[in-house]
2 protein chains.
Amino acid sequence: MSNPSEYFKSAASVDNVIFGFDDTDLKVLLIRRGEEPFYGDWALPGDLIAPNENIITAANRILYDLTGLENVYLEQVMTFGEVDRHPKGRVFTIAYFSLVNIKRVFPKASSFANEVSWKTVSEVDQLAFDHLKIMNTCLSRLQTNLRLKPIGFELLPERFTLTELQQLYESVLRKELDKRNFRKKIIKMNIVKDLNVYQTGVAHRPARLYSFDEESYQQALKEGITFEI
Amino acid sequence: MSNPSEYFKSAASVDNVIFGFDDTDLKVLLIRRGEEPFYGDWALPGDLIAPNENIITAANRILYDLTGLENVYLEQVMTFGEVDRHPKGRVFTIAYFSLVNIKRVFPKASSFANEVSWKTVSEVDQLAFDHLKIMNTCLSRLQTNLRLKPIGFELLPERFTLTELQQLYESVLRKELDKRNFRKKIIKMNIVKDLNVYQTGVAHRPARLYSFDEESYQQALKEGITFEI
DNA sequence: CCAAAAGTGTTGTTAGTACACCCATGG
DNA sequence: CCATGGGTGTACTAACAACACTTTTGG
């Protein structure tokens with residue numbers, strides 16, 4: 001730190017990869033930028049961290065401003081800070097991903113976003129800044145952790161069918177799974193509660209509804225069970 | 001970004017948790033600070049990132065300056081940026097860990113460090129700043145990844161015995177392992193080469209020496225084999 | 001010849017994988 | 001009565017866990 005003033009000239013931001021699941025596809029919540037640079041391009045929601053704001057607070061703020069949600073699963077993934085990644089100066093961006101129940105989100109446009117929309121992750125091929133790289137890094141991390149920790153439930157409504165859970169895993173991991181084996185594994189893990197309640201109004205045999213078992217779930221989260229799928 | 005000048009006043013640094021292994025214990029390379037704040041305290045090696053320097057470049061620079069080593073395993077873990085973590089201003093620090101062959105390191109003091117020394121990880125209970133938290137976060141990550149990826153070899157000399165490898169795993173994971181089962185697993189994974197060379201000058205039956213098989217190793221690294229130990 | 005660590009197989013148990021048919025409902 | 005997805009069991013295979021004695025060297 002030979003000349004400190006040279007160093008205290010960078011900014012830090014949080015970019016948040018908000019994942020949701022809509023019964024068939026993994027989605028990501030994107031904004032269309034309402035200001036330069038990259039005016040009009042799709043981008044990850046994010047913002048600079050205020051001088052007296054902690055990182056996790058900023059991450060929660062971005063999520064809350066866009067979705068109105070609090071107490072959501074949020075995981076720090078990686079910091080990106082290539083010298084030329086931002087045209088306005090040196091900006092280190094700390095990438096988070098979050099998992100939300102898509103039906104609870106009613107996205108609203110804001111001062112920095114003209115438009116907000118859920119996009120299918122596998123169809124996103126261009127974003128402002130280095131956001132595509134950031135999104136893909138977060139996707140890899142989600143895929144890894146989905147197999148090691150029981151975090152899939154965060155993407156589902158409170159009551160779900162085992163088929164919905166299986167579709168979520170298949171969609172995120174991009175791999176087909178055997179129905180009977182999947183169910184055996186989930187049941188044996190002891191992290192779902194059978195509610196003894198059934199779907200209604202479906203044109204086929206109604207499925208049982210489950211919720212996750214909060215206590216066993218917290219236990220399993222800590223232990224980071226191996227969920228080899 | 002209502003008033004950009006307010007935001008571009010923070011600094012970014014890299015702190016590097018350099019792990020080594022000395023036949024029995026997992027070690028970490030620490031420096032004794034030669035300047036304020038925390039003058040005289042033990043700390044992680046780290047430095048501010050220069051205005052035109054990339055993050056990974058800074059991480060490699062810190063490692064090189066302290067150890068003379070290049071092309072070393074380096075993994076970004078997490079960014080810490082509590083508002084009050086640094087008394088001189090807002091400093092976001094990006095934590096890395098690296099794995100080095102301890103016998104290749106001849107640590108040298110530098111402008112910012114009075115003293116450099118290997119400390120046993122399990123005995124470190126106080127460090128400058130929030131460095132203890134950073135070290136422990138990196139240790140957890142190492143423990144997780146040691147079980148999922150074949151990175152243990154990075155801590156050993158080129159030629160090693162299977163017993164040395166086992167001791168490394170036991171020491172890092174803090175768990176005793178069965179000798180026969182451990183060997184079976186390692187051999188079956190196909191990532192070590194039997195050199196058909198033996199230890200000399202030991203007061204017991206000499207052990208076979210192995211090196212890791214670079215090609216199979218790179219393959220396994222990509223796949224992130226499950227190495228359930 | 002003693003001390004020290006190296007090296008080696010088998011068996012029982014558990015988890016993983018592959019696979020096909022009947023059931024309950026709405027239209 | 002048809003279409004749709006729900007729900008269930010078994011047999012084979014692979015991986016894991018537990019466990020004890022003989023070998024080779026230096027001193």
Side-chain angles (χ1 to χ4, degrees), chain A residues 21-25 146-148 150 156-157 159-171 173 175-211 220 223-229, chain B residues 21-25 146-148 150 156-157 159-171 173 175-211 220 223-229:
Chain A
F21 182 68
D22 76 348
D23 294 343
T24 44
D25 291 308
L146 195 64
R147 305 176 84 220
L148 300 173
L156 293 177
R159 301 165 158 213
F160 50 86
T161 69
L162 293 185
T163 300
E164 284 165 357
L165 184 61
Q166 182 177 344
Q167 281 167 339
L168 162 61
Y169 273 85
E170 289 181 334
S171 169
L173 302 176
K175 187 183 172 188
E176 294 207 346
L177 303 172
D178 179 90
K179 183 162 61 161
R180 278 172 289 193
N181 294 340
F182 180 82
R183 285 165 182 242
K184 258 183 292 185
K185 228 178 280 187
I186 296 292
I187 299 296
K188 198 173 43 177
M189 283 169 76
N190 203 36
I191 54 173
V192 291
K193 264 203 299 258
D194 184 346
L195 297 171
N196 284 306
V197 171
Y198 296 81
Q199 283 180 316
T200 52
V202 288
H204 55 77
R205 177 172 172 179
R208 279 173 176 269
L209 295 174
Y210 293 80
S211 66
E223 291 169 9
I225 36 159
T226 301
F227 186 76
E228 188 59 38
I229 270 179
Chain B
F21 182 69
D22 77 347
D23 294 343
T24 45
D25 291 310
L146 195 65
R147 304 176 85 222
L148 300 172
L156 293 176
R159 299 164 159 216
F160 51 87
T161 69
L162 293 185
T163 301
E164 285 166 357
L165 185 61
Q166 183 178 345
Q167 281 168 341
L168 161 62
Y169 273 86
E170 289 181 333
S171 170
L173 301 177
K175 186 182 173 190
E176 294 206 347
L177 303 171
D178 179 89
K179 183 159 63 159
R180 279 172 288 192
N181 293 340
F182 181 81
R183 285 164 181 243
K184 258 182 290 185
K185 228 178 279 186
I186 296 292
I187 299 295
K188 198 173 43 177
M189 284 169 75
N190 202 38
I191 53 174
V192 292
K193 263 203 297 260
D194 184 345
L195 296 170
N196 284 306
V197 172
Y198 297 81
Q199 283 180 316
T200 52
V202 288
H204 55 78
R205 177 170 171 180
R208 279 173 176 270
L209 295 174
Y210 293 80
S211 66
E223 290 169 10
I225 35 161
T226 302
F227 186 76
E228 187 58 36
I229 273 180

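Below, read A as the first sequence line, B as the second, and so on, with proteins coming before strands; counting in each chain starts at 1. Basis for what follows: all heavy atoms, side chains included, without hydrogens, waters or symmetry-related copies.
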Asks: Could you give the CG-to-P distance, from A:Leu162 to D:dG5, as a whole number of Å?
Replies: 17 Å
Asks: Using whole Å, what does the distance between atom P of nucleotide D:dG5 and atom CD of A:Gln166 come to?
Replies: 14 Å
Asks: Touch check for B:Arg183, heavy atoms < 4.0 angstrom, all strands: base, sugar-phosphate only, or nothing?
Replies: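 Result for B:Arg183 = base.
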Asks: Nearest heavy atom decides the nucleotide; on that basis, is B:Gln199 or A:Val202 closer to the 5' end of DNA chain C?
Replies: B:Gln199
Asks: Heavy atoms only: give me the nearest B:Asp178-B:Asn181 pair and the separation to one decimal.
Replies: OD2-N, 2.9 Å
Asks: Which heavy atom of A:Asp194 sits nearest a heavy atom of A:Asn196, and at what distance?
Replies: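 Scanning both residues, the minimum pair turns out to be OD1-N, 2.9 Å.
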Asks: Could you state the CG-P distance from A:Leu209 to D:dG6, rounded to the nearest angstrom?
Replies: 11 Å
Asks: Side chain of A:His204: nearest nucleotide among C:dC19, D:dT25, C:dA24?
Replies: C:dA24
Asks: From the set D:dA17, D:dT24, D:dC16, return the single nucleotide nearest to any side-chain atom of B:Pro206.
Replies: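 So the nucleotide nearest the side chain must be D:dT24.
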Asks: Write down the distance between CZ (A:Arg208) and P (C:dA24), rounded to a whole number of angstrom.
Replies: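 To the nearest whole Å, that distance equals 12 Å.
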Asks: Quick check: on DNA chain C, is the nucleotide nearest A:Ala203 upstream (toward 5') of the one nearest A:Asp178, or the reverse? Name the residue that is more 5'.
Replies: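 Checking each residue's closest nucleotide, the 5'-ward one belongs to A:Asp178.
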Asks: Would you say the side-chain atoms of A:Arg183 and A:Thr163 include a donor-acceptor pair closer than 3.5 Å?
Replies: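 Side-chain D/A pair, A:Arg183 to A:Thr163: present.
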Asks: Within this structure, what is the CG-to-P distance between B:Leu165 and C:dA5, rounded to whole angstrom?
Replies: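 So the two atoms are 18 Å apart, to the nearest Å.
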Asks: Take the protein atom CZ of A:Phe182 and the nucleotide atom P of D:dT8, then report the distance between them rounded to whole Å.
Replies: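 Taking CZ of A:Phe182 and P of D:dT8, I get 15 Å after rounding.
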Asks: So which nucleotide from C:dT17, D:dG26, C:dA24 ends up closest to the side chain of A:Lys185?
Replies: C:dT17
Asks: Taking the minimum atom-to-atom distance to the side chain of A:Arg205, which one of D:dG9, C:dG7, C:dC23 wins?
Replies: C:dC23
Asks: Quiz question: by atom type and distance under 3.5 Å, do the side chains of B:Tyr210 and B:Arg159 form a donor-acceptor pair?
Replies: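 There is no such pair between these side chains.
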Asks: State which of D:dT25, C:dG9, D:dT8 makes the closest approach to the side chain of A:Arg180.
Replies: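 That would be D:dT8.
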Asks: Rounded to whole Å, how long is the line connecting atom NZ of A:Lys175 with atom C1' of C:dT17?
Replies: 11 Å
Asks: Between B:Asn181 and A:Thr163, who's closer to the 5' end of DNA chain D by nearest nucleotide?
Replies: A:Thr163
Asks: Is the base of D:dG7 touched by the side chain of A:Lys179 through a donor-acceptor pair closer than 3.5 angstrom?
Replies: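 When only heavy-atom distances are counted, A:Lys179 does reach the base of D:dG7 through a donor-acceptor pair under 3.5 Å.
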Asks: Per the atom types in the model, does the base of C:dT14 pair as donor or acceptor with the side chain of A:Lys184 at under 3.5 Å?
Replies: no
Asks: Are any non-hydrogen side-chain atoms of A:Gln167 and A:Phe21 less than 4.5 angstrom apart?
Replies: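 A side-chain contact under 4.5 Å exists here.
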Asks: What is the distance, rounded to the nearest whole Å, between atom CZ of B:Phe160 and atom C1' of C:dA6?
Replies: 16 Å
